[in-house]
> 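Structure incoming, see below.
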Amino acid sequence: MAEKMYNPKVVEPKWQKAWEDAGIFWAKEDTSLPKFYALIEFPYPSGQGLHVGHPRPYTALDIIARKRRMEGYNVLFPIGWDAFGLPAENYAIANNIHPAVITKKNIDHFRSQLKMLGFSLDYTREVDTTDPDYYHWTQWIFIQLFKHGLAYKSEMPINYCPKCKVGLANEEVVDNCCERCGTPVVRRVKSQWMLKITEYAQKLLDGLDTVNYLDRIKTQQRNWIGRSEGAHVDFSLKGTDDKIRVFTTRPDTLFGVTYMVLSPEHPYIEKYQDRIANLDAVREYQKAASAKSEFERTELAKDKTGVKLEGLEAVNPVNGEVVPIFISDYVLMSYGTGAIMAVPGHDTRDWDFAKKFGLPIIEVVAGGNVQEAAFTDIATGTMVNSGFLNGLSVEDAKKKITEFLTENGLGEKTVNFKLRDWVFTRQRYWGEPIPLVYCEKCGWVPLPEDQLPLLLPEVEEFKPGEDGESPLAALEDWKHTTCPCCGGPALRETDTMPQWAGSSWYFLRYTDPKCKTALASKEALDYWMPVDWYNGGMEHTTLHLLYSRFWNRFLYDIGAVPTAEPYARRTSHGMILGENGEKMSKSRGNVVNPDEMVDRFGADAFRTYEMFMGAFDQPIPWSTNGVAGCRRFLDRVWRMQDMLIEGDEYRPELVTKVHQTIRKVSEDFEAMKFNTAIAAMMEYVNTLYAAGSVNRAELMTLLKLLCPVAPHICEEMWQNLGGEGLVCASVWPKYDPALCVEDTIELPVQVNGKVRSRVTVPADADSDTIQAAALADAKIAELLEGKTLRKCIVVPKKIVNLIIG
RNA sequence: GCGGGCGUGGCGGAAUUGGCAGACGCGUCAGAUUUAGGAUCUGAAGCCCAAGGGUGUAUGAGUUCGAGUCUCUUCGCCCGCACCA
């Protein structure tokens, strides 16, 4: 006989051990089986341990993975550790403990917490990005990128704290000041390794058409890549042989240019500094701009600032018009060409700037009042004041002017992307060393593959080096090496890779995590790739998701992986907020600890609540009372053991309910509508309570449906019922659509759009039958008395609406 | 500022995608039961009104026989913005 009270403290560890002993969640090597690869974003093992936010996506995919196993799939549901990163390094700096030591401790803590929650993860395939056997292949990929010309050095600004003399991550900059000492941060230029993701912009865009991602994820990626078609136009710099090249999506407005704007970093400012009469003011402005982040520069766009370059002027290539040149920080060196032609009549930002600086505004597209506001409607406008373009539509004018520019060598049609190349180096210790050396004779040379992995050397101090250098720069012995090419003296690259590196290919390593000869064997990749279902946070949509697609696509192009796209399907979960509705954080004091929840309510109740609390893709505030409610539900399920009666088939009066519940739960799990799936199971339980009894068949079906959500209690009850083997290894229940439908249904009858009565009709009744039933209803007949029935709308299975007057 | 999303009872949310608004749960109240209850079982409940009824999905308009759902407006909130992951 079952225990009187459900005790998760005994039951949960018991089944966790049983699953582990049976190895039931380890993916099988048998490639003849249909496979399913479920992926969750591997966590950064922080010192705080698991947060209640982590288990939401984990439980969701655990449910999917468990359901797939019950449907007969060979499931790969792996876990690993994205363990390089700033917090471990900052902890190391503060306490002088090696980051590897603290990282190992954190990983062990994370793993034990995940096991406590009963996830069906394959712990035999764990990967750790800080393990040399792993970063061996991260370095290998970087070398391939380098060899294919996709890694190059470029001068890029870093955030620099002049007092600490270190480079800072964006996150360490608060209100444009150093997080530690409060000193204002400056942008400082440093030579850095860049990855040419822009070369893959079109492929990354096109690939989106071949995958099943949520629409908002696709949209966000498309907008981030930011493809726009337009033209390059060359303005000449008056009195020189130089051209100022601009990118514009509106070449049709070329006759409306009244000035030009260069980014404050534009190289011509240095080149022609002798000609600039107001150089002091320009220098002052450049300095102010360098103190601002790019974000601030575009955010403050409402109040435009800028300085005119006295002594420099540009010539419009279509009409020879001479226009002034300004510098302003709303023009970014990183987008387009770092220079724009300004058409205040038809661009809002240019209009704001022109009004502020008293510049002329010319109308070239008729349809608005350009003295009042920029006219930007391209659909209806007609060209005016534009020479040979006059009278054309915007669309035709674009074509004609582009042809004109091309024929006369003044510009050409071009595609521009908002996407920028990826700054790939960090002046930090706790990251993958970059496996390149610099030789005076041979230039940058990659390490031979047999010298990989290049181990991260031991250091005394984890503090970043002086002047923003990496701590590795201080290791003279390590830094000085020989060139693999000519054998002469060479210097190692002392910067390390960003944390993105390891997370850009980990899904490949899971397929064959111990492979010594490649990032994974061909056989394993062929079988397991692509990932069938990848769930992660919306916050990773533009960076991690795009970076990993880029690496996978590159590896595909060089024949290292079998699929062009790594993820067949991508979904996203909402963030869990504190009970007060604010983001959970230590400083707000609203962090909820999963250990405490499991201790009070058990892992099953905790998991059930995480799935029941609301729409999976929506942010939701935490409610500990809600966990208690889910525990009550599980207790109710447990007590059904006391209601047990004989019977191995669904009782006739319950057949419809059982089949409806199976259908609802099956469909809702697939649509990630876990909250309504659980609600359906609650209703099922309520129905059985109302019936006062449950038989073995009815209860076993519930256990199968519920076990992906609350696996431990279901195993225990399955065993108590004498079920064969483990419930998680049983077969997912089937429903018969014919048995899901009710014989009769109740339809609302509206009069002039207001519900006035209801009629009961056969479920398959046709419109005439329903209309007759509605008109025969006593209440409706009363309302119709003395009125004219003007219209009768009958929607079978839905509603009747009578329009009377 | 730019890009993406959201807004429904006291609270979390549901609504077969244009057809009964408020499923399911929390909290609340009432009854039953229990030596006891922060346990369990049963029931009530959007708001206004004594009732009949009216009214109700952030705001204002529109389309429709019919709008939480579609279109436009305003307001508010959340995520991302490239060195946090």
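Any value given below was found using the heavy atoms of this structure, including those in side chains, with hydrogens, waters and symmetry copies removed. Throughout, protein chains are lettered first and strands after them, A, B, ... in sequence-line order, and every chain is numbered starting at 1. Keep in mind that this is a model prediction, so the values were computed, not measured.
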> In whole angstrom, give the distance that lies between atom NE2 of A/H544 and atom C1' of B/C83.
17 Å

> Within the 4.0 Å heavy-atom criterion, would you say A/I158 contacts the bases, only the backbone, or no part of the nucleic acid?
base

> Using the six-membered ring wherever Trp is involved, compare the ring planes of A/H54 and A/F110 and label them parallel, tilted or perpendicular (cut-offs 30° and 60°).
perpendicular

> Could you state the NE2-P distance from A/H540 to B/G5, rounded to the nearest angstrom?
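Whole-Å distance recorded here is 19 Å.
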
> Looking at residues at least two apart in the chain, or sitting in another chain, which of them share a side chain to side chain donor-acceptor pair (under 3.5 Å) with A/N223?
none

> Find the distance between OG1 (A/T661) and CE (A/M681) and round it off to the nearest 0.5 Å.
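A/T661 atom OG1 to A/M681 atom CE measures 9.5 Å (nearest 0.5 Å).
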
> With a 4.0 Å cut-off on heavy atoms, is A/T542 in touch with a base, just the backbone sugar-phosphate, or nothing at all?
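Sugar-phosphate contact only.
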
> Just how far, in rounded Å, is C1' of B/G52 from NZ of A/K779?
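It is 11 Å, rounded to the nearest whole Å.
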
> Would you call B/G9 syn or anti, using the 90° rule around 0?
syn

> Taking the nucleotide of RNA chain B with the closest heavy atom to each, which residue, A/W224 or A/D215, is nearer the 5' end?
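Nearest-nucleotide comparison on RNA chain B picks A/D215.
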
> From CG of A/N159 over to P of B/C81, roughly how many Å is that when rounded to an integer?
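For the pair A/N159 CG and B/C81 P, the rounded distance is 13 Å.
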
> Using atom P in both nucleotides, what's the gap between B/U74 and B/C24 to the nearest angstrom?
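It comes out at 39 Å once rounded to the nearest Å.
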
> Holding to side-chain contact (heavy atoms from CB on, under 4.5 Å), I want the full list of residues that pass it with A/L168, two or more places apart in sequence or in another chain.
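side-chain contact (heavy atoms from CB on, under 4.5 Å) list for A/L168, sorted by chain: A/N159, A/C161, A/V166, A/E172, A/V173, A/C178, A/R180, A/V185.
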
> Taking only the side-chain nitrogens and oxygens of A/R216, find out if one of them lies under 4.0 Å from OP1 or OP2 of B/G5.
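So the side chain of A/R216 is outside the cut-off, no N or O lying under 4.0 Å from OP1 or OP2 of B/G5.
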
> Say we look at B/G62 and B/C49: how far apart would their C1' atoms be, to the nearest angstrom?
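To the nearest whole Å, 32 Å.
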
> Does a salt bridge link A/E493 with A/K153, judged by any charged N lying under 4.0 Å from a carboxylate O?
yes

> Using a 4.0 Å heavy-atom cut-off across all strands, classify A/T541 as base, sugar-phosphate, or nothing.
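The answer is nothing, as A/T541 stays clear of every strand by at least 4.0 Å.
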
> Considering every strand and a 4.0 Å limit on heavy-atom distances, what is the contact class for A/R631: base, sugar-phosphate, or nothing?
nothing

> Sticking with atom C1', work out how far B/G9 lies from B/U57, rounded to a whole angstrom.
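Each nucleotide's C1' atom is 10 Å from the other's.
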
> So if I define the base as every atom that isn't primed, P, OP1 or OP2, how would nucleotides 8-16 of chain B read as a B/S/- string at a heavy-atom cutoff under 4.0 Å?
----BSSSB

> Can you work out whether A/D421 or A/C630 has the more 5'-proximal nearest nucleotide on RNA chain B?
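On the 5' side of the pair lies A/C630.
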
> Do any N or O atoms of the protein come closer than 3.5 Å to N or O atoms of nucleotides 33-40 of chain B, and which pairs are they?
unit_1: B/U40; atom_1: O3'; unit_2: A/R639; atom_2: NH2; d: 3.2

> Is it true that, when you exclude A/E782 itself, more than 12 heavy atoms of the residues, nucleotides or ligands shown sit nearer than 6.0 Å to its CD?
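Check fails, neighbour count at 12 or below.
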
> Would you say the side chains of A/T198 and A/D421 form a donor-acceptor pair under 3.5 Å?
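A/T198 vs A/D421: donor-acceptor pair found between side chains.
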
> Of the listed nucleotides (B/C24, B/C81, B/C79), which one gets closest to any side-chain atom of A/L543?
B/C81

> State, yes or no, whether a side-chain contact exists between A/F612 and A/F674 at a heavy-atom distance under 4.5 Å.
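With C-beta onward as the side chain, the pair stays apart.
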
> Can you check the distance between B/U8 and B/A15, where both ends of the measurement are the P atom (answer in whole Å)?
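Taking atom P in both B/U8 and B/A15, they lie 15 Å apart.
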
> Would you classify A/E539 as touching base, sugar-phosphate or nothing, given that sugar-phosphate means primed atoms plus P, OP1 and OP2, and contacts are heavy atoms under 4.0 Å?
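Touches a base.
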
> Output the single nucleotide from B/G19, B/C84, B/C24 whose closest atom is nearest the side chain of A/A679.
B/C24

> Please report the distance, rounded to the nearest Å, between CG in A/D347 and C1' in B/G1.
13 Å

> Are A/D635 and A/R631 close enough for a salt bridge, meaning some N to O gap below 4.0 Å?
yes

> Do the rings of A/H544 and A/Y534 sit parallel, tilted or perpendicular, given the 30° and 60° boundaries?
perpendicular

> Remember a base hit wins even if backbone is also touched, and classify A/L168 as base, sugar-phosphate or nothing at under 4.0 Å, heavy atoms.
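The answer is base, as A/L168 lies within the cut-off (heavy atoms under 4.0 Å) of a base atom.
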
> Rounding to an integer number of Å, can you tell me how far A/L195 CG sits from B/C83 C1'?
14 Å

> Taking only the P atom of each, what is the distance from B/G22 to B/G10 in whole angstrom?
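One P to the other, the span is 16 Å.
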
> Output the rounded distance in Å from CD (A/Q220) to P (B/C81).
10 Å

> Below 4.0 angstrom from OP1 or OP2 of B/A23, is there any side-chain N or O of A/N686?
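Looking at the OP1 and OP2 atoms of B/A23, neither is under 4.0 Å from any side-chain N or O of A/N686.
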
> Using a strict cut-off of less than 4.0 Å between a Lys/Arg side-chain nitrogen and an Asp/Glu carboxylate oxygen, indicate whether A/E742 and A/K797 qualify as a salt bridge.
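Judged by the 4.0 Å cut-off on N to carboxylate O distance, A/E742 and A/K797 do not form a salt bridge.
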
> Examine the side chains of A/T496 and A/W430 and answer whether a donor and an acceptor come within less than 3.5 Å of each other.
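No, because no side-chain N or O of A/T496 sits under 3.5 Å from a partner of the opposite role on A/W430.
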
> So is A/R349 actually on top of A/Y330's ring, under 6.0 Å and inside 45° of the axis?
no

> If you only use heavy atoms from C-beta on, which nucleotide in B/A82, B/A23, B/G4 is closest to the side chain of A/E683?
B/A23

> Is it the case that the side chain of A/Y135 and the backbone of A/G431 share a donor-acceptor pair, with hydrogens and angles ignored and the cut-off at 3.5 Å?
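Side chain of A/Y135 to backbone of A/G431, a donor-acceptor pair under 3.5 Å: no, none is there.
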
> Which listed nucleotide (B/U55, B/C83, B/G27) is nearest to the side chain of A/Q192?
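Between B/U55, B/C83, B/G27, the one nearest the side chain of A/Q192 would be B/C83.
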
> Can you pull every protein N or O that's under 3.5 Å from an N or O on nucleotides 63-68 of chain B?
unit_1: B/C65; atom_1: O2'; unit_2: A/N801; atom_2: ND2; d: 3.4
unit_1: B/C65; atom_1: O2; unit_2: A/N801; atom_2: ND2; d: 2.8

> Taking A/E199 for its side chain and A/L150 for its backbone only, find out whether a donor-acceptor pair lies under 3.5 Å.
no

> State whether the side chain of A/S548 and the backbone N or O of A/W505 hold a donor-acceptor pair below 3.5 Å, judged by distance alone.
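Not a single qualifying donor-acceptor pair exists.
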
> Within the 4.0 Å heavy-atom criterion, would you say A/K583 contacts the bases, only the backbone, or no part of the nucleic acid?
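It contacts sugar-phosphate atoms only.
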
> Please classify B/U17 as syn or anti, treating any glycosidic angle within 90° of 0 as syn.
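Here B/U17 takes the syn form, which means its glycosidic angle is within 90° of 0.
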
> With a 3.5 Å distance limit and no angle check, can you tell me whether A/T425 reaches the backbone of A/W193 through a side-chain donor-acceptor pair?
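Answer holds: yes.
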
> Rounded to whole angstrom, note down the P distance from B/G19 over to B/U71.
15 Å

> Classify the ring geometry between A/Y547 and A/W500 as parallel (under 30°), tilted (30 to 60°) or perpendicular (over 60°).
perpendicular

> Determine the interatomic distance between P on B/G43 and the same-named atom on B/C48; round to the nearest Å.
25 Å

> Heavy atoms from C-beta onward define the side chain here; which of B/A82, B/G54, B/C83 lies closest to that of A/K754?
B/G54

> Give me the stems containing RNA chain B, sorted by first residue, counting only three or more consecutive Watson-Crick or G-U pairs with both distances under 3.5 Å; say none if there aren't any.
B:1-7 with B:75-81, B:10-12 with B:24-26, B:28-32 with B:40-44, B:46-48 with B:53-55, B:60-62 with B:70-72

> Return the value, rounded to whole Å, for the distance between atom CZ of A/F633 and atom C1' of B/A23.
15 Å

> Considering every strand and a 4.0 Å limit on heavy-atom distances, what is the contact class for A/L802: base, sugar-phosphate, or nothing?
nothing

> Using atom P in both nucleotides, what's the gap between B/A51 and B/A32 to the nearest angstrom?
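These two P atoms come out 26 Å apart once rounded.
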
